[in-house]
Amino acid sequence: MDKNLSGEDNDSIDWDTEDELEIQEIPDTTFSSCTNLRNVGQHTAHCHGEASSSSVPCQSKFIQQFIVMGFPEESIAKAIEQNGENEDLVLDALLTFKALEDSPEEQPSTSLQLEPCISSDDSSSQYSESFLDDIYEEDSWSSNSDNCINSADQCYLRDESSSLSEKEQTLLFLANMGYPVEEASIAMERCQKASLAELIDFMCAAQMAREEDVYLPEDVKPKLNSGGYKKRKMYNELCIRKKQRALLDEETIALPNPMIGFGVPTESVPGIVQRILPEQAIGPPYFYYENVALAPKGVWDAISRFLYDIEPEFVDSKYFCATARKRGYVHNLPIEGRYPLLPLPPRTIHEAFPLTKKWWPSWDTRIKLNCLQTSIGSARLADRIRKAMEAMENFGGEPPVRVQKYVLYECRKWNLLWVGRNKVAPLECDEVEMLLGFPRNHTRGGGISRTDRYKSLGNSFQVDTVAYHLSALKDLFPKGINVLSLFSGIGGAEVALYRLGIPLNNVVAVEKSEVNRNIVRSWWEQTNQRGNLIDFDDVQKLNGDRLEHLIDSLGGFDLVIGGSPCNNLTGSNRVTRDGLEGEDSALFFDYVRILELVKSIMSSRRV
DNA sequence: CTTATGATGACTCACCAA
DNA sequence: TTGGTGAGTCATCATAAG
């Protein structure tokens, strides 16, 4: 389309190519055989996918990680033959083999013992030797470290109930979080009966130790490695973390009232003009993470803990527009000098929908709409309400309180508007777009159904709110920014930056849904963006290699932004409100993983 | 096949009275 | 302090309808 985009510093990549680019560049050995990694964990029996006997660049290392986990080589070979070199699929298959093998009798299986994991086997990974062993020699919270191996085995072999034991599920979960499977496996062995949070802390500590090794000056390293200093330090770190968690268990992060974060355009928080961020948290890059404020207890503590203990900024979008949207944002952006998007959006229902004023009953006292969700009230509900209202009308005057309560309850629940005499209706798609700060018809066309439009919109940012927070970047990047947009959805972040007038030089958008990617692509072209939009479909496929490549090509990212799936956190979910460990919401850990990678790669490039 | 509809609670916190 | 109550929530599933 726009031929101007082949700028000066784009020699390394041909940006004019469209979607084929990403396909070509993904190494086919790792990802091509798996379409949806996240579903793998649950359907272990369905692994007989395409048996791609793909090329073998580093097979020994790939196989070795499973050997280290204690799987027999024959099984590994079989699993790889069936699933290709996909770590998750192979692990899945191996666990399935094991479950099938063990289930008939309670006999300990000789083929799948875990001793190799922590024995002095030469094949064990670097981690186990370099620091994991050290830490727990003098550890008080695994008191019987001598019995560790045996009891681990027993525990492992005891609880194979149906398809996946608890341990196997935990292992899969941790693997899905992006932790190396061998590391997760070791952590589980070392911390039997530990909660998931403890396991994660364990691996955090492990990660810290690794980073210490990487980043400390050379002359300090030998001293650390030889003496007990490091052990003690690690142990102290763990104690502190445990203490913190104990404290947090009792005193979780409280939601502010009013929910205005560090300030909104209309009201500022007295006292807060600046904040001090932890050293680790300071960019580049800037980052911005979002999720629902009303998550189950402890979720925001965990999120904050993983994001450098930054205090989340809880903001209800009702201070920006006519609809409520209670969200938490963890970011390292400056909080001074923010300004709102112009024009200011309508702030009340009447301002947003002037035509409804005529029909609005006096007893419906709503000023703001409730949170826009992923589905809307049905036409039949509106019809029922109309009939209830009409039936009462014949008696003259207002309906009885009982009817008022019922109608108001449904109106609040489904965000219904009064569009005629006794007539209520759910919001139209374009009305939702307007309320959320998107251009009209942003999600329209391209073959997307009405239902899916509501779903995509319901999962999106409120643009004015996010833009207010991002406005602090405007003066910092007059020449434009490079954005890594994870879980980009329908492009709320991109629209916010665009409306702020911050030039988008390069945007790497990662979004699973194809229709959503099309929406962003379409918006990108219609707004005549001069920068480059590169999209990917799965955050889990965004590994270090690809990030290195992107960072080297684009010159780094200035902003890493994203809101990970909330469906396992939100109160609307009655089925799988599983917290951060939920199948989808666990992708939060991919946000953390990718942010860490970006920070690490960029700091190594900077020198 | 796609799309729309109806049924399906639980968790959390603010608020208030006892 | 404690217990009750009300209000609110980026949802999911089976099934009917198109």
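Sequence lines set the chain letters: A, B, ... in the order given, protein chains first and strands last, and positions in each chain run from 1.
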- Message: Run the side chain to side chain contact (heavy atoms under 4.5 Å, CB included) test on A:Lys423 and A:Val419 for me, step by step, so that the C-alpha distance in whole Å, both residues' side-chain angles and the decisive distance to 0.1 Å come before the verdict.
- Response: CA-CA 6 Å; A:Lys423 207 166 74 171; A:Val419 296; 3.9 Å; yes
- Item | Closest-nucleotide ordering on DNA chain B, the 5'-leading residue of A:Arg574 and A:Lys297 | A:Arg574
- Query: According to the Watson-Crick and G-U wobble definitions, with both distances under 3.5 Å, which nucleotide is paired to C:dA7?
  - Reply: B:dT12
- Message: Can you measure A:Asn567 atom CG to B:dG9 atom P for me and round it to whole angstrom units?
- Response: 20 Å
- Distance below 4.0 Å between A:Thr570 side-chain N/O and C:dC10 OP1 or OP2: yes
- Task: Give A:Arg450 one of three labels, base, sugar-phosphate or nothing, depending on what nucleic acid heavy atoms sit under 4.0 Å from its own.
- Result: sugar-phosphate
- Task: Would you kindly compare A:Gly447 and A:Gly571 by the position of their nearest DNA chain B nucleotide and give the one closer to the 5′ end?
- Result: A:Gly447
- Message: Quick check for you: among B:dT3, C:dT9, B:dC15, whose closest atom lies nearest to any side-chain atom of A:Gln373?
- Response: C:dT9
- Message: Taking only the P atom of each, what is the distance from C:dT9 to B:dT8 in whole angstrom?
- Response: 22 Å
- Note on the structure: To the nearest angstrom, the CZ-C1' distance between A:Arg384 and B:dA7 comes to 11 Å
- Query: Can you tell me how far C1' of C:dT9 sits from CG of A:Asn291, to the nearest Å?
  - Reply: 13 Å
- Message: As a test of reading the structure: which of C:dC10, B:dC13, C:dT9 is closest to the side chain of A:Asn370, going by heavy atoms?
- Response: C:dT9
- Query: Closer than 4.0 Å, any side-chain N/O of A:Ser572 to the OP1 or OP2 of C:dA11?
  - Reply: yes
- B:dC13 P sits how many Å from A:Leu569 CG, rounded? 14 Å
- Could you measure between the two C1' atoms, the one in B:dA14 and the one in C:dC10, and give it in whole Å? 22 Å
- Query: Any luck finding a side-chain donor-acceptor pair between A:Tyr319 and A:Thr465 under 3.5 Å?
  - Reply: no
- Answer whether the closest heavy-atom distance between the side chains of A:Val432 and A:Arg453 falls below 4.5 Å. no
- Message: Using side-chain heavy atoms (C-beta onward) and a distance below 4.5 Å, is A:Phe438 in contact with A:Trp523?
- Response: no
- Using a cut-off of 4.0 Å on non-hydrogen atoms, how would the nucleic acid contact of A:Ser564 be classed: base, sugar-phosphate, or nothing? base
- Message: Tell me whether A:Arg386 is salt-bridged to A:Asp383, with the criterion being a basic N under 4.0 Å from an acidic carboxylate O.
- Response: yes
- Message: Using Watson-Crick or G-U wobble geometry with both distances under 3.5 Å, which nucleotide pairs with B:dG6?
- Response: C:dC13
- Electrostatic pair A:Asp452-A:Lys455, nearest N-O below 4.0 angstrom: no
- Query: Given atom NZ of A:Lys318 and atom P of C:dT9, what is their separation to the nearest angstrom?
  - Reply: 10 Å
- Side chain of A:Ser449 only, please: which of B:dT3, B:dG9, C:dC10 is the nearest? B:dT3
Report, one pair per line, the protein and nucleotides 13-18 of chain C atoms (nitrogen or oxygen only) whose separation is under 3.5 Å.
none

- Task: Give one of base, sugar-phosphate or nothing for A:Cys566, where a contact means two heavy atoms less than 4.0 Å apart.
- Result: base
- Pick from A:Leu369, A:Asp316, A:Ile349: which one makes a side chain to side chain contact (heavy atoms under 4.5 Å, CB included) with A:Thr323? A:Leu369
- Message: OP1 or OP2 of C:dG8 versus the side-chain N and O atoms of A:Arg412: is any pair under 4.0 Å?
- Response: yes
- Message: In whole Å, I'd like the distance from the CZ atom of A:Phe314 to the C1' atom of B:dC13.
- Response: 13 Å
- Note on the structure: Atom NZ of A:Lys455 and atom C1' of C:dA11 are separated, to the nearest Å, by 9 Å
- Measure from CE on A:Met259 to P on C:dG8 and round the result to the nearest Å. 13 Å
- Query: Does a side chain donor of either A:Arg450 or A:Tyr454 reach within less than 3.5 Å of an acceptor in the other side chain?
  - Reply: yes
- Message: Heavy atoms from C-beta onward define the side chain here; which of B:dG6, C:dC10, C:dG8 lies closest to that of A:Ser378?
- Response: B:dG6
- Task: Please work out whether the ring planes of A:His469 and A:Tyr288 are parallel, tilted or perpendicular, with thresholds of 30° and 60°.
- Result: tilted
